[in-house]
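Remarks on the structure that follows.
Quantities reported herein were computed from a predicted structural model and do not represent experimental measurements. Numbering of ligands and ligand atoms starts at 1, following listing order. Side chains are part of it too, since the values below use all heavy atoms of this structure and drop only hydrogens, waters and symmetry mates.
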Amino acid sequence: MKILAIYGSPRRRGNTWLLLEKAFEGAREAGADVEEIVLRDLKMAPCLEIYGCKKTGRCVIQDDFQQVYDKLLACQGLMLASPIFFYAVTAQTKILMDRCQSLWAKKYWIEKVPFGQGEIKRKGLFISVGATHGKKLFDGALSSVHYFFDVLDMEVWRTLLYRGLDHEGEILQHPEYLQEAYQAGRELALSSTGR
Ligand SMILES: Cc1cc2nc3c(=O)[nH]c(=O)nc-3n(C[C@H](O)[C@H](O)[C@H](O)COP(=O)(O)O)c2cc1C
């Protein structure tokens, strides 16, 4: 079973990276074939809103998004990690989400799936951290993730959201968070195969 792990922070080994790494370690040890995508290493233009995807459901901008698109469609489960930047996901993550408007067009315009009635076929895990402690810290990102997963026919199966983490590697002071990430990865892999 194939699980895609998408890393959306611009920091090479950010707090979200360390969590994602644990999650895919858990998934791998549970037997999943986990592929990582580091968004900052890809050449991906923002959506141009030209709707070249309107007829086929495939984005017409030829860049690294094309391979991500195929992998998003092929995976059985998804892990997405992004820290909070200005109460939202990072720019790298948002560019990916916006390019998936092609999948929105495929689902709702081409296949004419009635809103809110699409079949949920896969599970998605969202991992995030932020520096502050505000109650609404993750609200914006969670809203985007909910609708992003929807175009992928995925449910927001689980979220791992941690406050009060700012400096690189600070998450290492919280082995319990890393353990939760490992466990979530493991459970995602096991439940994505129906075991
Ligand atoms: C451009 C930018 C915007 C940020 N905005 C927020 C914010 O709105 N709220 C918050 O709590 N932390 C914010 N932060 C802090 C990051 O969420 C925090 O440093 C986090 O640990 C980074 O995760 P990473 O190490 O995985 O990249 C921001 C950081 C940057 C660089």
Short N or O distance, Tyr87 and ligand 1, threshold 3.5 Å exclusive: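 Yes: some nitrogen or oxygen of Tyr87 is under 3.5 Å from one in ligand 1.
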
Polar atom proximity, Asn15 to ligand 1 (N or O, under 3.5 Å):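 Between Asn15 and ligand 1 (N or O atoms, distance only) the closest approach is under 3.5 Å.
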
Electrostatic pair Glu21:Arg13 at N-O distance under 4.0 angstrom: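 Here Glu21 pairs with Arg13 in a salt bridge, since their nearest N and O are under 4.0 Å apart.
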
Side-chain touch Ser192/Trp157, heavy atoms, less than 4.5 angstrom: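 A side-chain contact under 4.5 Å is absent here.
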
Side-chain heavy atoms of Arg122 within contact of Leu78, under 4.5 Å: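 Not touching, per the 4.5 Å side-chain cut-off.
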
For [atom], what is the closest protein heavy atom, and at what distance to 0.1 Å?
atom                    : answer
atom 23 (O) of ligand 1 : Pro83 CB, 3.2 Å
atom 27 (O) of ligand 1 : Ser9 OG, 2.6 Å
atom 3 (C) of ligand 1  : Phe85 CA, 3.5 Å
atom 5 (N) of ligand 1  : Phe86 N, 2.8 Å

Gln92 and Tyr7 side chains, donor-acceptor separation under 3.5 Å: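 Per modelled atom types, Tyr7 and Gln92 side chains form no pair under 3.5 Å.
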
For [X], atoms of ligand 1 separated by under 4.0 Å from a heavy atom:
X      : answer
Gly130 : 11 (O), 17 (O)
Gly14  : 24 (P), 25 (O), 26 (O)
Thr16  : 24 (P), 26 (O)

Thr132, Asp166, Ile84: member with heavy atom nearest to atom 17 (O) of ligand 1: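 Shortest heavy-atom distance from atom 17 (O) of ligand 1: Ile84.
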
Minimum non-hydrogen distance to atom 18 (C) of ligand 1, winning option of Val129, Ile171, Leu137, Leu165: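 The option holding the nearest heavy atom is Leu165.
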
Exam field: side chain Ser102 to backbone Arg99, donor-acceptor pair closer than 3.5 Å: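 Checked: pair present.
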
Polar side-chain atom of Asp64 near backbone of Met44 as donor-acceptor pair, under 3.5 Å: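 No; judged by distance alone, with no hydrogens or angles, the pair does not exist.
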
Stepwise side-chain contact (heavy atoms from CB on, under 4.5 Å) check, Trp109 with Lys54: CA-CA 8 Å; Trp109 283 347; Lys54 213 170 178 175; 3.8 Å; yes

Joint cluster assignment, Val89 & Leu165, ILVMFWY side-chain distance < 4.5 Å: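 Different clusters.
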
Residue part near ligand 1, for Ala131, under 4.0 Å between non-hydrogen atoms: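 Both backbone and side chain.
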
